[in-house]
J.: 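Provided herewith is a single structure, encoded as structure tokens, for subsequent inquiry.
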Amino acid sequence: MSIIRIEEIAQHAGQTVTLQGWVYARTDKGRLQFLQVRDGTGILQCVVFQKEVAPEMFDVARQLTQESAVVLTGTVRADERAPGTPGGFELGVTELHVVQLAGEYPISPKEHGVEFLMDRRHLWIRSARQWAVLRVRATIMRAIREWLDSHGYLEMTTPIITPNAAEGTSTLFEIDYFGKTSYLAQTGQLYNEANIGAFGRVYCFGPTFRAEKSKTRRHLTEFWMVEPEVAYCDLDGLLQIEEQFVSHIVQTCLRERAAELRVLERDLTLLSKVNPPFPRITYDDAVQRLQKLAVESSDPEQAAQLKMEWGGDFGAPHETALAAQFEQPVFVTHYPTIVKAFYMTPMAGRPEVCNSADMLAPEGFGEIIGGSERIHDHDVLLARIQEHGLPAEDYAWYLDLRRFGSVPHAGFGLGVERTVAWICGLEHIREASPYPRMLQRNTP
RNA sequence: UCCUCGGUAGCUCAAUUGGCAGAGCGAUCGGCUGUUAACCGGUUGGUUCCUGGUUCGAGUCCAGGCCGAGGAGCCA
């Protein structure tokens, strides 16, 4: 008897198969039991008719509780009425073995509050929506590696324990490293700038840590980021890479995770339009657009939120309003040098702005990428480090890179959870991580 | 750190002017051969977040505290 996986159910129509899983829901219809059974790859309706199984087996089926572990054998048949994921098939059960009868399960199919669910995150991930999100997340992570690996990027790990602050100490998690103060990494970028000297094109992919006291739907204290870095690359080249890269991620999800996106009831019309090229606007243009929106807004509260002067950074309402003007992700380029990091290249002839670009996702999902050209001239970089009041001795090795074959280069960082939230259409980033770490939560 | 809202049954919530603590869901028992968060009937359910105060009487009013949510600030 072959053990099959629900995601491949269509290949087994008409066959007698065995399923190893858990009872997701049960509907008692008297002489007929409908079991929704999950196996980790999908949900399949399994039907137990009283007249088709032994009497004691039917009694066992009647006693099954939500989340009980079961092994079922039966015949797969196509039936349009059958719910589930992918759906359209059901199992006519002939054998039923209970591996463990679950106690009263706290998470019902009805509504629950955020705190209740987050306290039970270890169980909540079994629920259909959370399961679907995390399946999409895994596909996003694979698509990231897939595109980079096939375009000549070498994956290189960068340290999580780092000796100094990349940019200021206010948002770093401090740890005791055998008596020396160290920090959890906020970025692998500086190391990647060393790595490109050895490998040309690289990326790092892993968790990053920010001790920001941000309490918003877009922030986690621990999140995953992929950071490609490219030698001999300018801002134009970088944006072309980014739009190819992000399009590949989105299109892979649409192709391979349609069932999961259906569970999430995600509107796919805008996602299907994510193809290069993406629109590009400058920061100057963005500020003008926002000022125009503020003036034209009939809602005084919204007008106040959108009001801004040249030189400031965008808040969430600004990003949402800007992105709403486009159907695709939009690049905002050439931010004021003063609001961005010290290593970004000033624009030739206009040093008050830098060769940087953020990518804003559509539909209000915010900034998913930040990237820039990096300063490759030793003396310019040293001056910027000093202007920012950073200790030059901490950056000795970083400055060293500008002495030995320094070339124009650029890179970016894409936040995985924000990308998951966008593609899945999530209201809050906490559902984009299996075990989210936030200002008020580090359990389970 | 600031602003706003909230904390009542296992869960989601209601409770009029300060006057008997309620519903739905879940669980459980019974019924039903096509359910999709099934439906119908019975049963089960309480430290009203904590401490103190006002009052004949507090879930409700007052003071302090704790916890949570949404937003702001912060955030390459």
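Worth knowing before you read on, the calculation uses all heavy atoms, side chains too, and leaves out hydrogens, waters and symmetry mates. Order of the sequence lines sets the chain letters (A, B, ...), proteins ahead of strands, with each chain counted from 1.
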J.: Looking across every strand, which nucleic acid part, if any, lies under 4.0 Å from R441(A) by heavy atom: base, sugar-phosphate, or nothing?
T.: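 Contact class for R441(A): none.
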J.: Could you measure between the two C1' atoms, the one in A9(B) and the one in A27(B), and give it in whole Å?
T.: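 Per the computed distance, 12 Å lies between those C1' atoms.
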J.: Quote, to the nearest angstrom, the C1' distance that separates A72(B) from C13(B).
T.: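 Here A72(B) and C13(B) have their C1' atoms 29 Å from each other.
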J.: Looking only at side-chain N and O atoms, does R31(A) come under 4.0 Å of OP1 or OP2 in U35(B)?
T.: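 For U35(B), neither OP1 nor OP2 has a side-chain N or O of R31(A) closer than 4.0 Å.
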J.: Counting any heavy atom closer than 4.0 Å, what does D79(A) reach on the DNA or RNA strands: base, sugar-phosphate only, or nothing?
T.: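 D79(A): base contact, heavy atoms under 4.0 Å.
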J.: Using a 4.0 Å heavy-atom cut-off, does F314(A) contact any base of the nucleic acid, only the sugar-phosphate backbone, or nothing at all?
T.: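 Result for F314(A) = base.
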J.: Would you kindly give the CD-to-P distance between E319(A) and A76(B), to the nearest whole Å?
T.: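 Value for this atom pair: 12 Å.
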J.: Check the interface with nucleotides 40-47 of chain B: list each N/O to N/O pair with the protein under 3.5 Å, or write none.
T.:
none

J.: Contact class for H428(A) vs. all strands (heavy atom < 4.0 Å): base, sugar-phosphate, or nothing?
T.: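 Answer is sugar-phosphate: H428(A) comes under 4.0 Å of backbone atoms only.
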J.: If we count only N and O atoms by modelled type, under 3.5 Å, do the side chains of E174(A) and Y183(A) hold a donor and an acceptor together?
T.: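 Per modelled atom types, E174(A) and Y183(A) side chains form no pair under 3.5 Å.
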J.: Round to a whole Å and report the spacing from NZ of K29(A) to C1' of U33(B).
T.: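 Taking atom C1' of U33(B) as the reference, NZ of K29(A) is at 7 Å.
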J.: Checking all strands, does H112(A) fall into the base, sugar-phosphate, or nothing category for heavy-atom contacts under 4.0 angstrom?
T.: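 Sugar-phosphate: the residue H112(A), judged by heavy atoms under 4.0 Å, touches backbone atoms but no base.
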J.: Can you confirm whether the side chains of Q36(A) and Q45(A) place a donor and an acceptor under 3.5 Å from each other?
T.: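 A donor-acceptor contact under 3.5 Å links the two side chains.
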J.: With sequence neighbours excluded, tell me which residues meet ring-ring contact (aromatic ring centres under 6.0 Å, His included) with Y191(A).
T.: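 Y191(A): ring-ring contact (aromatic ring centres under 6.0 Å, His included) contacts with W397(A).
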J.: Taking the ring centre of each residue, are F314(A) and Y283(A) less than 6.0 Å apart?
T.: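 Ring centroids of F314(A) and Y283(A) are less than 6.0 Å from each other.
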J.: Taking the P atom of each, how far is G64(B) from U28(B), in whole Å?
T.: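 About 46 Å, rounded to a whole number of Å.
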J.: If I pick the C1' atom on G59(B) and the same atom on C50(B), what distance separates them, to the nearest angstrom?
T.: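 My reading of the C1' atoms in C50(B) and G59(B) gives 14 Å.
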J.: When you compare A23(B) with G45(B), how far apart are their C1' atoms, in angstrom units rounded to a whole number?
T.: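 So the two C1' atoms sit 13 Å from each other.
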